[in-house]
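All chains are named by letter (A, B, ...) in the order of the sequence lines, taking the proteins before the strands, and each is independently numbered beginning at 1.
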Amino acid sequence: MRRTAKSLIAIAVLAVAVVAIPIIGLFVRVPWTRMSELWSNDTASAALRITLQTSLVATALCVLLGVPLAWAMSNASDKVRTLARALVTVPVVLPPVVGGIALLSALGRKGVFGGFLSSLGISLPFTQTAVVLSQLFVAMPFLVLAVESQFRTMDRGVIDAARVMGFGPFRTFTHVVLPMTKGSVIAGAILAWARAVGEFGASITFAGSLKAKTQTLPMAVYELLERDWELAMGLSVVMVIFAIGVIFGLRSQLLNSGNA
Amino acid sequence: MHAVKVKRVCVTAVVALSLTACGESSTDSADDCSVEIFAASSLSSALTAMTDELRTESGCDITYKFGSSGSLAATIEAGATPDLFLSSGTTSVTASGLDVKTSRAIVESSLAIITSKGSVASREVIAVDDLLEKKWKLGLCATTAPCGELADEVLTNAGDVLGNTFDFGRNALADTEAINASDLLTKVEMGELDVVLSYASSCADNSDLTCTVIPAELDGRRLGEKSTYFVTPINGSSQVTRLLTFMTSAKFSERLVTDFGFEALVK
C-alpha cells in the first residue's frame with residue numbers, strides 16, 4: 001500500500017516537473033539586467049498597448065454576449081443546451097489557427113459574409129477589429145462554460161420568489177441572478193481575458209501582425225525571438241508573471257464566491 | 001484460461017510488430033541515409049520539384065523544412081542540426097552561428113510588385129508610387145525575414161527617388177506583415193491582400209499571380225534591389241559534399257533560372 005503511494009507520488013512529481021521545468025528554465029535564463037529595456041523597446045511597448053486595448057474590448061464583449069447566452073443555455077431544454085454547449089465548446093478544442101482560417105472564410109474580403117461587408121466598404125482582415133474578433137472567438141467559451149454551470153447550480157427558489165414579487169424575466173436576471181453569481185461572472189471574465197491576452201494563432205491568421213497596429217504580445221515575442229531572443233525571453237517572463245497573477249486573482253475570486 | 005488468452009494476445013502482438021517492422025524496412029531507401037535541408041520558403045517550389053534530382057545526386061532521402069531564413073537561422077542557433085541551409089542573403093547565416101565563409105552563392109531574385117492575376121490591382125499597381133494609394137491592402141514580409149529587409153530598402157530608395165513628400169515608411173503603407181514570402185503570397189491568392197512586395201521568382205510557377213519587377217534604376221537613381229541565395233553546409237559528410245557540389249554547379253542554377261524564375265548571378 002505504502003509502496004503504491006510512493007510510486008504515485010513519484011509520478012505526481014514527474015507531472016509537476018513537466019510543467020515546472022520549462023518555467024524554471026525561462027526564469028533562470030532570462031537576462032534580468034535587460035528587463036528594463038522592454039519598457040523602451042518599441043515592439044514590446046506597442047504590443048503591450050495593443051494587447052491591453054484589444055483584450056479588454058474582447059473581454060467586455062465576452063461578458064455582454066456570453067452572460068446572456070449562458071443564462072439562456074441554463075434555462076433551455078436538455079437537448080438545446082447540449083447542442084449549444086457543444087457549439088460553444090468548439091473554439092476551446094479547435095487549433096487556434098483553424099479558428100483564424102474559419103474567421104477569414106466567413107469575414108475575409110472574399111468570405112461568406114465578408115463579401116457583403118466589402119460592398120459596404122467594411123474590410124475586417126488585418127485590422128484591430130479583426131484582433132478583437134479573434135480574441136472573442138477563442139475566449140468567449142471560457143466565460144460561457146464557467147458562468148453557465150454556476151447559473152444551473154444556483155438556488156432557483158430565489159428566482160421563483162422574485163417572480164412572485166412581480167419581477168419580470170429581464171429584471172430577475174439583472175437584479176437577482178447577476179448579483180448572486182457575480183463571483184462566477186468575474187472569474188469567467190478573468191479567464192476569458194487571460195485567454196484573449198495569450199491569443200496567437202487565430203489573430204495572426206485573421207488579423208496579421210503589424211507593429212503598433214495589430215501586433216499583440218504573443219506575436220511580438222514570436223518576432224523578437226528571431227532578432228533578439230533575450231528580449232523575447234524577457235517578454236515571455238512578463239506573460240508568465242501575468243498568468244500567475246491571473247491564477248491568484250481567480251483563486252481569491254473563487255474563494256470569495258464560495259464564501260458568499 | 002485467462003493465461004492462455006493473454007499468451008495468445010502477446011503472440012499476435014509480436015507477429016503484428018514483426019510484420020510492421022518488415023513493412024518499414026521494405027520502404028527504406030537503399031542507402032538508408034537522409035539529408036535534412038533548411039531552406040527559404042521562396043525556394044520551396046523549386047526544391048520540392050527537384051527532390052528526385054537531389055536524391056540522385058546525394059544518394060540519400062531528402063527532407064525539408066521551409067520558412068523565413070530568419071526563423072530558420074533562429075532554429076539552428078537554438079540547436080537544430082540540419083545538413084544544409086539554403087538562405088536568402090547571408091545575414092541569417094551569421095545569425096545562425098554558421099561560418100559565412102563556407103556559404104556559396106547560387107542565384108538571385110529581384111523584388112517585385114505582386115498581385116492576383118486579373119485583379120483590379122494587377123492593372124492599376126504597376127509602379128512603386130502606385131503603392132501610395134490607400135485603397136490597396138498591402139502586405140510586406142516582416143523585417144526579420146530577408147524579403148522584408150529587401151522591401152524596406154526598396155521603399156527607402158523610392159522615398160529618395162520620388163521625394164520626401166511621400167511617406168514610404170513600412171507602417172504608413174503596409175496593412176500587415178507576414179513571417180515569410182510564401183505566407184504573403186497565400187494571402188494574395190486568397191484575395192485578402194491586393195498587393196505584396198516579394199521575390200519575382202514567385203510568379204514563375206504560380207499562374208494565379210502577376211509580378212512586376214521593380215526596375216533597378218529610376219531617373220538614374222537606385223530603386224530596385226535583389227536578394228542573393230546562398231547554400232551553407234552544416235556538416236562535412238560525403239552526401240552533403242555531393243549535394244553542395246551539385247547545388248553550386250551551373251546545371252543547378254540554370255534549372256532555377258530556366259524553370260523557377262530566379263536570376264543568374266552577376267559575375
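Using a distance-only test at 3.5 Å, with no hydrogens or angles considered, a donor-acceptor pair links the side chain of B/R170 to the main chain of B/G148. Looking only at distances, a side-chain donor or acceptor of B/K137 sits under 3.5 Å from a matching main-chain atom of A/P125. No donor-acceptor pair closer than 3.5 Å links the side chain of B/E225 to the backbone N or O of B/L150.
Sparse packing is recorded around CZ of B/R104, with 12 or fewer heavy atoms of other residues, nucleotides or ligands lying under 6.0 Å away.
Exactly one residue among B/S109, B/S227, B/S45 makes a side chain to side chain donor-acceptor pair (under 3.5 Å) with B/S201. That residue is B/S109.
Proximity to chain B is limited to the side chain of A/K213, based on heavy atoms less than 4.5 angstrom apart. Neither the backbone nor the side chain of A/S118 has a heavy atom closer than 4.5 Å to any heavy atom of chain B. In this structure, no portion of A/S105 lies under 4.5 Å from any heavy atom of chain B. Residue contact with chain A, scored on non-hydrogen atoms closer than 4.5 Å, involves the side chain of B/S68 exclusively.
For the set A/L225, A/L104, A/I204, the count of heavy-atom pairs under 4.5 angstrom toward chain B peaks at A/L104.
The closest side-chain donor-acceptor pair between B/S42 and B/Y229 falls under 3.5 angstrom. There is a side-chain donor-acceptor pair under 3.5 Å between B/Y64 and B/T51. Neither side chain, A/E199 nor A/T216, offers a donor N or O lying under 3.5 Å from an acceptor on the other. Looking only at atom types and distance, the side chain of B/T115 has no donor-acceptor partner in the side chain of B/S122 under 3.5 Å away. Side-chain contact check for A/S209 and A/Q215: at least one donor-acceptor pair (N or O, by modelled atom type) lies under 3.5 Å.
With contacts defined as side-chain heavy-atom distances shorter than 4.5 Å, the pair A/V13/A/I9 qualifies. The side-chain heavy atoms of A/F142 and A/V92, taken from C-beta on, include a pair separated by under 4.5 Å.
Heavy-atom proximity under 4.5 angstrom to chain A picks out B/I179, B/K187, B/M190, B/G191, B/E192, B/L193 from residues 179-193 of chain B. Contacts of residues 79-97 of chain B with chain A at a heavy-atom distance below 4.5 Å are absent; not one residue qualifies. Residue-level contacts of residues 26-36 of chain A with chain B do not occur; threshold 4.5 Å between heavy atoms.
Judged as a salt bridge (charged side-chain N to carboxylate O under 4.0 Å, His left out), and not counting sequence neighbours, B/E149 has no contacts.
The distance between the ring centers of B/F260 and B/F262 does not fall below 6.0 angstrom.
At a threshold of 4.0 Å, the pair A/E223-A/K211 does not count as salt-bridged, since none of the basic side-chain nitrogens sits closer than that to a carboxylate oxygen.
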